[in-house]
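As the structure lists them, so they are numbered: ligands from 1, and atoms in each ligand from 1.
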Amino acid sequence: MGINKQQYQKIISELDGKATLVAVSKTKPLEDIKELYDLGQRDFGENYVQELVDKYEQLPKDIKWHFIGHLQSNKVKYIAPFVHLIHAVDSEKLFKEINKQAAKYNQVINCLLQVHISAEVTKYGFDEVELTSFLNSDLTQYKNANICGLMGMASFTEDNNLIKKEFTHLKMLFDQFVQISSLKHQLSILSMGMSADYAFAINAGSNMVRIGSLLFGSRIYNK
Ligand SMILES: *Cc1c(COP(=O)(O)O)cnc(C)c1O
């Protein structure tokens with residue numbers, strides 16, 4: 001229980017303002033979040049809709065809540081009124097729904113597209129072909145959902161070279177797509193790096209890391 005303050009200060013100084021730290025507080029109690037909040041942390045990441053809504057209701061309103069997990073389209077409506085950034089948009093269907101819900105609240109919701117970069121088999125994330133075709137489609141129709149960057153997860157492996165290669169590859173894609181003709185703004189956020197691999201991600205050009213267990217301790221339920 002309790003957060004690791006030394007580790008927090010260490011990470012903050014390593015990032016040195018060049019990357020945003022999203023403190024991943026999934027499964028962790030309100031007290032732990034408050035502790036980090038009192039040290040000045042404002043960006044927090046959650047994976048589960050109901051848990052995020054509960055925490056949002058009970059915690060200070062200047063927290064920027066990042067939804068970092070897989071999001072089901074039918075749950076977008078619960079987080080649309082307050083979410084700061086949705087990291088793992090992995091289909092056009094989900095993006096459409098975000099746009100629709102955001103419009104109801106007269107909001108623009110910032111989104112990252114999740115790109116499948118790891119060697120692991122997963123249902124989630126755009127592959128390169130899908131990403132290219134989506135980013136080249138007419139995105140001007142989406143007035144209330146804004147694509148502002150990419151997100152990816154490296155393989156869960158001891159093979160550091162593979163991790164570096166995957167992050168470098170995502171950075172290359174990011175650079176390739178920075179300017180998208182049908183978007184008003186250029187892509188600015190590259191979300192990659194977690195507790196075990198954030199140093200590699202930063203070296204490869206990440207400007208947003210999502211760190212949980214290093215700050216809050218390991219999660220009891222590995223959900
Ligand atoms: C849980 C999670 C994290 C944080 O993982 P740690 O290894 O605890 O730092 C980062 N990103 C996503 C998408 C997650 O689900």
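- Looking at N47 against ligand 1, only its side chain comes within 4.0 Å, counting heavy atoms.
- Using a 4.0 Å cutoff on heavy atoms, H87 does not count as a contact of ligand 1.
- A ring-centre distance under 6.0 Å is found for Y56 and F82.
- Between G212 and ligand 1, an N or O atom pair is found at a separation short of 3.5 Å.
- With ligand atoms numbered from 1 in the order given, ligand 1 contributes 1 (C), 2 (C), 3 (C), 14 (C), 15 (O) to contacts under 4.0 Å with heavy atoms of K26.
- No donor-acceptor pair under 3.5 Å is formed between the side chain of E51 and the backbone N or O of E46.
- With ligand atoms numbered from 1 in the order given, ligand 1 contributes 9 (O) to contacts under 4.0 Å with heavy atoms of I211.
- Residues V22, L85, L112, M151, I189, M194, M208 make up the rest of the hydrophobic cluster containing M153, defined by ILVMFWY side-chain heavy atoms closer than 4.5 Å, directly or through other members.
- Taking the six-membered ring for Trp and the full ring otherwise, F95 and F134 have centroids separated by under 6.0 Å.
- Set against the non-hydrogen atoms of R210, the atoms of ligand 1 under 4.0 Å away are 4 (C), 9 (O), 10 (C), 11 (N), 12 (C), 13 (C).
- The backbone N or O of L59 sits less than 3.5 Å from a side-chain atom of K61, completing a donor-acceptor pair.
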